[in-house]
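All values below were derived from every heavy atom in this structure, side-chain atoms included, with hydrogens, water molecules and symmetry-related copies excluded.
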Amino acid sequence: MTDTTSTAAQGTDVLTRLEQEGEIAADYLEGLLDIADLDGDIDMDVEGDRAAVSIVTEGGSRELQKLVGRDGEVLEALQELTRLAVHRETGERSRLMLDIAGHRARKREKLTALATKAVQQVQESGEPMKLQPMTPFERKVVHDAVAAAGLRSESEGEEPRRRVVVLP
């Protein structure tokens with residue numbers, strides 16, 4: 001087998017594994033929605049190197065807000081429970097991302113805008129800029145946006161006060 005064929009096979013294997021994670025997560029979340037008597041549809045995708053599962057609803061997302069909680073705290077907990085359900089089935093650690101009612105998508109947009117502003121300020125001043133403490137998800141979004149703008153960033157501090165520093 002050539003390297004190209006081997007690499008393509010590995011890519012297919014990874015995609016299949018991530019799709020399987022999404023299926024397991026969707027089944028788990030469907031059960032959760034049934035228990036909570038909440039309406040919602042499950043969307044599955046693969047984003048980069050992780051499975052992405054979203055709970056959406058055609059009507060207002062007010063009911064689903066219960067699953068997001070204040071500042072996404074319930075969403076974070078549900079994501080961890082879903083990852084554990086996937087781990088129980090596959091025996092492998094999952095990096096699955098869960099979004100409910102578009103909460104993470106909206107958060108990603110706001111964080112990208114924040115990172116863009118920080119990049120502009122750092123480029124103008126030439127000085128590093130420390131941002132407010134963030135969750136691991138939030139820091140990843142900011143790091144990605146800073147890198148896309150051509151600057152470097154790093155995280156400093158200890159949880160829950162860990163923050164991103166944008167470097168010139």
Side-chain angles (χ1 to χ4, degrees), residues 5-115 131-148 153-155 157-164:
T5 307
S6 177
T7 302
Q10 287 174 350
T12 303
D13 290 346
V14 169
L15 182 61
T16 301
R17 182 180 54 80
L18 293 176
E19 288 171 345
Q20 179 189 17
E21 282 186 21
E23 292 286 339
I24 294 167
D27 290 344
Y28 176 78
L29 292 166
E30 283 286 346
L32 180 77
L33 290 173
D34 286 345
I35 291 168
D37 195 28
L38 294 172
D39 290 327
D41 295 320
I42 309 290
D43 287 343
M44 295 177 296
D45 199 3
V46 173
E47 295 177 2
D49 60 347
R50 62 176 62 188
V53 178
S54 300
I55 302 176
V56 296
T57 184
E58 288 183 18
S61 61
R62 176 161 261 152
E63 266 193 348
L64 290 181
Q65 288 304 316
K66 296 172 188 173
L67 298 179
V68 173
R70 188 174 55 106
D71 295 327
E73 292 170 343
V74 176
L75 170 58
E76 291 287 336
L78 287 174
Q79 177 174 277
E80 286 306 310
L81 289 172
T82 304
R83 286 176 174 177
L84 286 172
V86 170
H87 181 264
R88 184 185 66 220
E89 292 290 322
T90 65
E92 294 188 25
R93 184 176 177 274
S94 173
R95 295 182 55 232
L96 175 133
M97 286 296 285
L98 175 64
D99 193 5
I100 299 174
H103 177 79
R104 282 198 198 273
R106 288 188 300 278
K107 189 86 161 174
R108 185 176 277 124
E109 287 176 17
K110 289 178 185 176
L111 290 166
T112 300
L114 172 72
L131 302 177
Q132 294 297 316
M134 298 177 184
T135 66
F137 163 76
E138 293 168 335
R139 290 193 308 271
K140 169 101 171 76
V141 171
V142 172
H143 285 306
D144 290 349
V146 169
S153 59
E154 56 188 36
S155 293
E158 300 294 322
E159 296 292 350
R161 307 274 315 144
R162 197 153 171 83
R163 68 182 68 230
V164 173

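- Rounded to the nearest 0.5 Å, atoms NZ (Lys107) and CG (Leu114) are 10.0 Å apart.
- Here the closest non-hydrogen pair linking Val142 and Leu131 is CG1-CD1, 3.8 Å.
- Atom NE2 of His103 and atom CG of Leu98 lie 10.5 Å apart (nearest 0.5 Å).
- Here the side chains of Ile42 and Leu33 are in contact, with some heavy-atom distance below 4.5 Å.
- Between Ile100 atom CD1 and Leu67 atom CG the span is 5.0 Å, to the nearest 0.5 Å.
- Glu47 meets the side chain to side chain donor-acceptor pair (under 3.5 Å) test with no other residue; sequence neighbours excluded.
- Between Met134 and Val164, the shortest heavy-atom distance links the atoms SD-CG2, 4.4 Å.
- Nearest heavy atom pair, residue Val74 against residue Gly69, reads CG2-CA, 3.7 Å.
- Taking CZ from Arg93 and CG from Leu84, the interatomic distance works out to 10.5 Å, rounded to the nearest 0.5 Å.
- Listed by chain and number, the residues in a salt bridge (charged side-chain N to carboxylate O under 4.0 Å, His left out) with Glu109 amount to none (sequence neighbours excluded).
- Listed here is the closest heavy atom pair of Val53 and Ala25: CG2-CB, 4.0 Å.
- Of the inter-residue distances, the one linking Gln65 atom CD with Arg62 atom CZ reads 8.5 Å to the nearest 0.5 angstrom.
- When side chains are defined from C-beta on, Glu159 counts as touching Pro136, because their heavy atoms get closer than 4.5 Å.
- Minimum interatomic distance between Arg106 and Ala101 (heavy atoms only, all atoms of both residues): NH1-O, 2.9 Å.
- A side chain to side chain donor-acceptor pair (under 3.5 Å) check over residues 73-90, counting only residues at least two apart or in different chains, returns the pairs Glu76-Arg104, Gln79-Arg104, Glu80-Arg83.
- Residue pairs meeting the side chain to side chain donor-acceptor pair (under 3.5 Å) criterion with at least one partner in residues 21-39, sequence neighbours excluded, are Arg17-Glu21, Glu21-Ser94.
- In this structure Lys140 satisfies the side chain to side chain donor-acceptor pair (under 3.5 Å) test together with Asp144, sequence neighbours excluded.
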For Leu32 and Leu78: C-alpha separation, side-chain torsions, deciding distance, then whether side-chain contact (heavy atoms from CB on, under 4.5 Å) applies.
CA-CA 10 Å; Leu32 180 77; Leu78 287 174; 3.6 Å; yes
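- Taking every heavy atom of both residues into account, Ala51 and Gly22 meet most closely at CB-N, 4.2 Å.
- Checked against side chain to side chain donor-acceptor pair (under 3.5 Å), Arg95 has the following partners two or more places apart in sequence or in another chain: Asp49.
- Between Ile55 and Leu38 there is no side-chain heavy-atom pair separated by less than 4.5 Å.
- Put simply, CD on Glu138 and CZ on Arg108 are 11.5 Å apart, with the number rounded to the nearest 0.5 Å.
- With hydrogens and angles disregarded, a donor-acceptor distance shorter than 3.5 Å links the side chain of Arg162 to the backbone of Gly157.
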